[in-house]
Every structure is written in C-alpha cells, then in structure tokens.
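Before we start, here is the structure in question, set down as structure tokens.
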Protein chains: 2
Amino acid sequence: MLKQMMAERGRKVRLAAGEFVFHQGDGDESVYGVERGLLKAFYTQPDGREFIKSIVPAGAFIASLNALVGNGECTFSLAAIEDCELLALPYRELRGAASEDLEIARDLIGLLAELASRKERREYQLLCMSAEERYELFLEESGGNPDWLSQADLAAYLGITPQALSRIKRRRRERKQIRGS
Amino acid sequence: MLKQMMAERGRKVRLAAGEFVFHQGDGDESVYGVERGLLKAFYTQPDGREFIKSIVPAGAFIASLNALVGNGECTFSLAAIEDCELLALPYRELRGAASEDLEIARDLIGLLAELASRKERREYQLLCMSAEERYELFLEESGGNPDWLSQADLAAYLGITPQALSRIKRRRRERKQIRGS
DNA sequence: GGCAGTAATGAACCGCGGTTAACTGGCGAT
DNA sequence: ATCGCCAGTTAACCGCGGTTCATTACTGCC
C-alpha cells in the first residue's frame, strides 16, 4: 500500500512556518505527503508578484509534475504556512515500486487520477468564474472566512491583488446591507 | 501495452465535425484516444457562454476526470471540430487491466502524469497570465494564426469574448506599426 | 443579381481589477 | 508612551474586458 510505503521508505521533513520545501527553478523530483500542517504552492513572477496555485492541507500529496515527468525544473515554490511534518519520497522510487507491485501501482493510479481531477476543478474555476465567484466558492468550501490564511495569500489564491479582494468584500457588505434593510 | 489494448478492446467511434462525443452532465466514463481529427472540450454556462477547456489533437487522450474518479457527471462537453476517429474504452476496463498487468499499469501511470502535467501548465497560464499573453503563447505554440480554429473558439479557449480578442489583435497591430515605422 | 446567414470587426458605455499612494489599527520592542 | 512594522483598507486614476449594437465581408441559396 502506498501510504505504508511512504511511511517506511520516505524521508521525514519537518519545517517551521515560512520555510520552503523547494523553490521555483529547483529540480526536486520528490513526492511529498503532508502528515501535519499546511502549505502553499505558488508561482513567483519576474516582477515579484505571487500567485498561489493551491493550498495543501494535511493528508494531501504534492509534487511539481513538470519536475517529475520530464526531469524539468519545479515550476512553482512550496512553502509552509504553518509548522509542518512531511514525508518525502523520490518519484523514481515510487514509480519503480509501482512497476513491481500491482497494489502500489493501483494506489498510484488512484492518486494521480485524484490529483488530475482536482486540477480540473481548479482549471474550471479559473477559466469560467470571476474573482468574486471564486471568493464566494472559497468561503463556502472553507466554511466562512478562515483565520489560517492572510488576505494577501487569499488574494494570491484568487489571482487578484489584496486591494481588489478588499473591494470585493466591501461590495458584498454593501449589497448585504441593502438586502437587510 | 496501453495503445495496443485500446486498439484491440476499444470501441471505434467516427464522427463528423460538430458532432458530440458526450455532453456536459452525461455520465460517460470512457477514456477516448484520438486517432484522427481534432476536438474541443468545453464548458457551457447556464447563460449560454462557452469556455474551451482544451483543444484535443490526434494522438491525445481525453476523459472527464470527474466522471472517472467519483462516478460523477461529465463537467464538460466534448465535440468534434473536424471529422474524427476515436477509440473508446471504459475506464473501469482500463483500471481493471492495470490491476492485473504491470505493463499497462506503468503506461496508465505515465499517461495520467502526463495529463496532470498538461493541466498544471494550463492552470499556470490561467492563473498568472493575461488574456493577451495567453494569446501570444498560443500563437507561438501553434505557429502563427491557425486556420483550423475560428476566432470564436480561440476566444473561448483564451477565456474572453470574440470582441475582446479582436481588440487584442488590433492593439498588437498598432503596436507593430509603431515599432515598424 | 438579390437575399439571408454567419464570422469578424468596430464603436460606445460601464464595471472590475491593477497601480500607486495614503491611511488605519494592532502588536512587539525599546 | 513612543516608535516602527505589518496587515488590511480606502481612494484616485487608468486600462482591459463584458455588453450591446452596428457594420463589413464572405458564403451559400434561390
């Protein structure tokens, strides 16, 4: 089983909030499983702007697919939002184990399908929904405005600036006022 | 090997330009391999607006991941842009074969990783790049403005309206004029 | 030729988000 | 208390994209 293999052969990684697992441009070919904590995977633009690709909670797996499939560089950075414990396993090992063990292969197939499915949802949101709709969806899915994410990070996740997010919140407040009066 | 299995056990599907493979909301759990032709995978909004998720060329594989992983509905429609020949195989069969054959499992893993990697690139473009930058990238990757895609479809792929695409093209023309003078 | 249908373009108006800058409130350090 | 720092908000200006409507160009059809 895959989780078991991660636990047995994986390298334990602990890091404090703010520390990086890998940086954009690195050649990190490991797959990481999050045991505890919270991370953000984000792109940094040449001009310094930051866009958060995904928030990575405990229980999730993450890797830079570009680094895995083509031995390329990581296209994004991975950093801890809270203190974290991870398990790291080189993808080569995982693939190697999957080529000898049908159980592990099955798990890896399920994992990759899950991953692609989540990416498909994110892709849909970015392509079809406005920033305000994405914000509303985020509120629903996370159950109210979370304390574990700064406005700057939330804005970067939505693909806008903190100022634009502030405006969206104000518009919603004002609309609710009108409804409530 | 996976391609071989598709060829042997897959159902041959022929369709003319404009015809649908499946509609958004269907429960189609097949994986499709494109033998010949060109298709578009697209979301249709309640108000009728259309967003193209991906252009699917010959040689590619496509399936609605939401339908595969959770037995859910297809989140998008798949339709032929040109006359097509496809091979269809239920994902259940593919997964079943992969759970008995390490070769097929390895191929399926590679396929899913490839798929996720491409989705990651698209996600990056939608999150970090402007519509104009996405247009320029499309031109580079397809080698000049293609005749096999209407302006309306190209706009839907970029996530904007045909009018906005027209404006982008005009802005580029005018900027080139200035450079060239 | 005349006609309708469609694709692409263009113009006018408006709302949203980026940019820049200023302002507010909370918090720790001294 | 004061200072500085940081997160969040607000405002003013501008450019881009959506919306609507009109125009142009091309095609097939009678």
Side-chain angles (χ1 to χ4, degrees), chain A residues 17-18 38 40 42-52 55 79 81-82 125-139 142 144-178, chain B residues 16-18 38 40 42-52 79 81-82 125-139 142 144-178:
Chain A
L38 187 72
K40 62 175 177 180
F42 61 100
Y43 300 104
T44 306
Q45 301 290 84
D47 59 17
R49 266 155 51 224
E50 187 175 294
F51 293 94
I52 295 184
I55 306 289
I81 295 180
E82 304 171 352
Q125 293 166 20
L126 290 169
L127 181 60
C128 300
M129 295 170 68
S130 68
E132 179 157 354
E133 289 166 335
R134 290 200 296 273
Y135 175 61
E136 307 225 357
L137 183 63
F138 177 84
L139 288 183
S142 66
N145 215 325
D147 53 349
W148 40 265
L149 200 59
S150 70
Q151 295 300 305
D153 277 349
L154 177 50
Y157 179 72
L158 298 175
I160 58 178
T161 60
Q163 293 91 323
L165 177 53
S166 224
R167 274 190 296 238
I168 286 175
K169 287 164 71 176
R170 193 152 70 92
R171 278 202 297 271
R172 283 166 47 84
R173 271 203 308 274
E174 284 167 1
R175 274 203 291 269
K176 275 194 180 171
Q177 287 263 340
I178 293 166
Chain B
L38 187 72
K40 61 176 176 180
F42 61 100
Y43 300 105
T44 307
Q45 300 289 85
D47 59 18
R49 266 155 52 224
E50 188 175 293
F51 293 94
I52 295 184
I81 294 180
E82 304 171 351
Q125 294 166 19
L126 291 169
L127 181 60
C128 300
M129 293 170 69
S130 68
E132 181 158 354
E133 288 167 335
R134 290 200 295 274
Y135 174 62
E136 307 226 357
L137 184 62
F138 177 84
L139 288 183
S142 66
N145 215 326
D147 53 349
W148 40 266
L149 200 58
S150 70
Q151 296 299 305
D153 277 350
L154 178 49
Y157 178 72
L158 298 175
I160 58 180
T161 60
Q163 292 92 323
L165 177 54
S166 223
R167 275 189 294 238
I168 286 174
K169 287 164 70 177
R170 192 153 66 92
R171 277 202 297 272
R172 283 166 49 83
R173 271 203 308 275
E174 285 167 0
R175 273 202 291 270
K176 275 194 178 172
Q177 287 265 340
I178 292 167

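Lettering follows sequence order; numbering is per chain, from 1. Treat the numbers as computed from the prediction; the structure is a model and nothing was measured.
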One thing to verify: whether A/R175 and A/E132 come together as a salt bridge, which I'm taking to mean a side-chain N less than 4.0 angstrom from a carboxylate O.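 A salt bridge is present here (some side-chain N lies under 4.0 Å from a carboxylate O).
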Nucleotide C/dT19, atom P - distance to CD of A/Q45 in whole Å: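 After rounding, the gap between these two atoms is 11 Å.
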With respect to the side chain of A/R171, which nucleotide from D/dG17, C/dG17, D/dA11 is positioned closest?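 Output: C/dG17.
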Taking all atoms of both residues into account, what is the closest heavy-atom pair of B/I52 and B/F42, and its distance?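 Residues B/I52 and B/F42, closest heavy atoms: CA-CB, 3.8 Å.
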Atom CG in B/L149, atom CD in B/Q151: separation rounded to 0.5 Å?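 Reported value, rounded in 0.5 Å steps: 8.0 Å.
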C/dA11, D/dG18, C/dA8: which one has an atom nearest the side-chain heavy atoms of B/K169?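 From the listed options, C/dA8 comes nearest.
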Using a cut-off of 4.0 Å on non-hydrogen atoms, how would the nucleic acid contact of B/S130 be classed: base, sugar-phosphate, or nothing?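 Nothing, no heavy atom under 4.0 Å.
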In Å, rounded to the nearest 0.5 Å, how long is the span from CD1 of A/I55 to CG of A/D153?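 That separation rounds to 6.5 Å.
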State which of C/dA21, C/dA11, C/dG18 makes the closest approach to the side chain of B/Q163.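 Output: C/dA11.
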Shortest non-hydrogen separation from A/C128 to B/Q45 and the atoms involved: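 Distance-wise, the nearest heavy atoms are O-NE2, 3.7 Å.
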C/dT19, D/dG18, C/dA8: which one has an atom nearest the side-chain heavy atoms of B/A152?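 Within the option list, the nearest is C/dA8.
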Would you mind telling me which residue lines up with the more 5' stretch of DNA chain C, B/Q151 or A/T161, judged by nearest nucleotide?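 This one resolves to B/Q151.
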Rounded to whole Å, please give me the gap between CZ in A/R167 and C1' in D/dA12.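 For the pair A/R167 CZ and D/dA12 C1', the rounded distance is 10 Å.
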From C/dG10, C/dG17, D/dT19, nucleotide with atom closest to B/R173 side chain: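 Taking heavy atoms from C-beta onward, the closest nucleotide is C/dG10.
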For the side chain of B/R170, counting heavy atoms from C-beta on, which of D/dA11, D/dG8, C/dG10 is nearest?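 Within the option list, the nearest is C/dG10.
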Roughly how many Å is it from CD in A/E132 to P in C/dG18, rounded to a whole number?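 Distance check: A/E132 CD to C/dG18 P gives 13 Å.
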D/dT9 C1' sits how many Å from A/I168 CD1, rounded?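 Distance check: A/I168 CD1 to D/dT9 C1' gives 14 Å.
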Using atom CG of B/L149 as one end and atom C1' of C/dA7 as the other, report the distance to the nearest whole Å.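 Going from CG in B/L149 over to C1' in C/dA7 covers 13 Å.
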Roughly how many Å is it from CZ in A/R172 to C1' in C/dC16, rounded to a whole number?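 The answer, rounded to whole Å, is 16 Å.
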Output the rounded distance in Å from CH2 (A/W148) to P (D/dA7).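 It works out to 18 Å between those atoms.
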Figure out the CG/C1' separation between A/N145 and D/dG8, and round it to whole Å.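 Atom CG in A/N145 sits about 12 Å away from atom C1' in D/dG8.
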Would you classify B/L165 as touching base, sugar-phosphate or nothing, given that sugar-phosphate means primed atoms plus P, OP1 and OP2, and contacts are heavy atoms under 4.0 Å?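 No contact at all - B/L165 keeps every heavy atom at 4.0 Å or more from the nucleic acid.
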